[in-house]
Structures are given as C-alpha cells and as structure tokens.
2 protein chains.
Amino acid sequence: MPAETSQARRFGKTRAAQAQALLEDYAELIADLLACDGEARPTDIARRLGVSHATAIKTIGRLKREGLATSLPYRGVFLTPAGEALANKVRTRHRLVVAVLIAIGVPAEAAEQDAEGIEHHISPATLRAFSAFLKQYAGGAP
Amino acid sequence: MPAETSQARRFGKTRAAQAQALLEDYAELIADLLACDGEARPTDIARRLGVSHATAIKTIGRLKREGLATSLPYRGVFLTPAGEALANKVRTRHRLVVAVLIAIGVPAEAAEQDAEGIEHHISPATLRAFSAFLKQYAGGAP
DNA sequence: ACCAATATGTAGCCTGTGCTACAATTTGGT
DNA sequence: ACCAAATTGTAGCACAGGCTACATATTGGT
Ligand SMILES: [Mn+2]
Ligand SMILES: [Mn+2]
Ligand SMILES: [Mn+2]
Ligand SMILES: [Mn+2]
C-alpha cells in the first residue's frame, strides 16, 4: 500500500519487457524463415540465433505453451494467428528502430546490432515518436 | 569453422549485453544512494528496484564476486574503483539516452521508462552518434 | 532397400534472478 | 538495560535459458 516508487515501477516494467524479448525474437525469426524458405526448422532457428538446437527446441516449447506457435513431431514450426500478429508487430518495430538509429547518425552495422536489444524496450509512446521523427526527417531532407 | 552468420553474432552480443544489464543498474543505483544518503543499504536498494531484499542481497553477492562492490556483514554496500567506473559510465550513458529520446520527441515519462532498458544495448559507436546528434540538435534550435 | 548423415527430441546439468519463510543481528525508544 | 522493530542474512524453491550427451526419427545417396 505504500506507493511503489516510480523508479521501482520502471525497473519492474523493464523486467517484464525483458521476459518478452526472447519470444519476440523467435516469432520474428520464425516468420522470416517461413517467408523465405517456406519452413522453419529447429536446426535453422538455432543456427540463426547462435544457440544449440536443444535450446531452440526448449524455447519453441515455450512459444507453444504461450499459444504463439504450433508444431508436430519432426515437422517444422508454424505460427498461430497470435504468433503471426506478434511477428508483424516486432518486425515493423525492429525496422523502425534501425531506421531511426541510422537517421540519427549511427553507423549501419552498429544500428543493426543495437536494434536487436533496443527494440524490446520501445513503448507505444516511443514508437509513435519514432515514427513521427522519421517522417519529419525524411520530409526535411529529401 | 563455418562462418557464424552475422545474425547469430548479433544475437550473441545482445545476450551478453543483457547479462551485464543487472550489474549496471545495481552499480548506478548504489552510486546514487551513496551520493544522496551517504550509504547504500540492501533494503533501500531492494525497494528502489522493486524486488525483495533477499533478491537484492543475492545480486550484491554477484557484484562482490565480480569485483564491483564490497560489503561487511550488517554494513552497507560500497563500490570498488571498478564499480565506481562502471557506475559513472552507466550514469552518463543513461542520461544521454534519455536526452536523445526527448530530443526526438518522446514524452518525458516514456523516455525515462524506456531508457532503463535501452541503455544496456548502446554500443560505443551508437553512444558517439547520440552525443553528436545531441550537440547538433542543441546547436540548431537554441 | 539400406545405411549413413542429418535432423529432431529428451535427459540432466548449470547459472541467474525472482520468491517466501525463517534466523540472526543491530538499532532505537523507554 | 532491555525489548521490539527494523535490518540483514540464509535456506530452499521455481523458472528461464544456456549447455552436452545420448536416443530416436527422417532423409537421401548408392
Ligand atoms: Mn531482438
Ligand atoms: Mn529483432
Ligand atoms: Mn537499466
Ligand atoms: Mn539506468
């Protein structure tokens, strides 16, 4: 009942965002693989993420538990509608973050690298501001 | 021996950054408490972070293992020179991230919130770009 | 058709980061 | 000086997300 300090509230939200991060990256990656290759195999997911296939399979299990993905034994992974919606949101946001970083003057490779972590900590308000900033920037120097 | 894909390298670096994040937040917070209150007690650290005191004490143990902090039984926590250096780096970076977000048009409260997560994924190249962007921005609209 | 290579899945381990419950110590008010 | 409250510390649990080792299934080349 004593007011949670605003700092504690912020840290709590940051922890919550972090807990979502891995699911977001998996959803985005699975959607990419499905679009590019027509299938998303655990081994490919693992190689792209730089983790062992056992780790990937375990996390795919979490995606399934949370209703984001489906798969049958020895078949590839697919996204549920919720998973696809998440992937779309995440892909859009990822690209916007990269674009804003580059617009600010961050070198492309650093922008790609840092966006991979930053993207998970962008609130809706920040997303709107990024979008508006990009439009203004593109309009100001065409 | 086969080239690690660039995507895998990025994800790996993001994981490494995440593993550092908690230490950075603790160092920053302990330095703040020491500066403000003259002491950094586990209970205060816990309350500011919004976690139980047991959790805070365990993480303080990790800071000590990694040479960032010291403490004696039933006394407050102090930073080693390495811990102070980290705290300074993190505080500067945190403020810069907030300033850049606000300059871009992010509302202040969202900027404070999102910076808490974003700050841990800012590479040196991005830090330089942020700094340059802020100078240009401040210079362009004084 | 078969066998080897590949892919998938399982088991079990570790660490980090949360928690609650309980124990021990210190502190402060009377 | 003493007792109660606050603080600190410990024990033990859960879960996420890494790993290796091993088991099982599928695939493809001969
Ligand atoms: Mn990411
Ligand atoms: Mn991404
Ligand atoms: Mn932070
Ligand atoms: Mn911070």
Which is true for [X] with a 4.0 Å heavy-atom rule: it touches a base, it touches only sugar-phosphate, or it touches nothing?
| X | answer |
| --- | --- |
| L49(B) | nothing |
| I60(A) | nothing |
| R47(B) | nothing |

Respond yes when some side-chain nitrogen or oxygen of [X] is under 4.0 Å from OP1 or OP2 of [N], and no when none is.
| X | N | result |
| --- | --- | --- |
| R15(A) | dC15(D) | no |
| R62(A) | dG17(D) | yes |
| R65(B) | dG16(C) | yes |
| T43(A) | dT8(C) | yes |
| R75(B) | dT27(C) | yes |
| S52(B) | dT20(C) | no |

Next item on the list: Would you mind reading off the distance between I57(B) atom CD1 and dA24(C) atom P, rounded to a whole angstrom?
Entry: 15 Å
Next item on the list: Go through the N and O atoms of the side chain of K58(B) and the base of dG18(C), and report whether any donor-acceptor pair is under 3.5 Å.
Entry: yes
Notebook entry, point to check: For DNA chain C, whose closest nucleotide is more 5', that of D44(A) or that of L23(B)?
Noted result: D44(A)
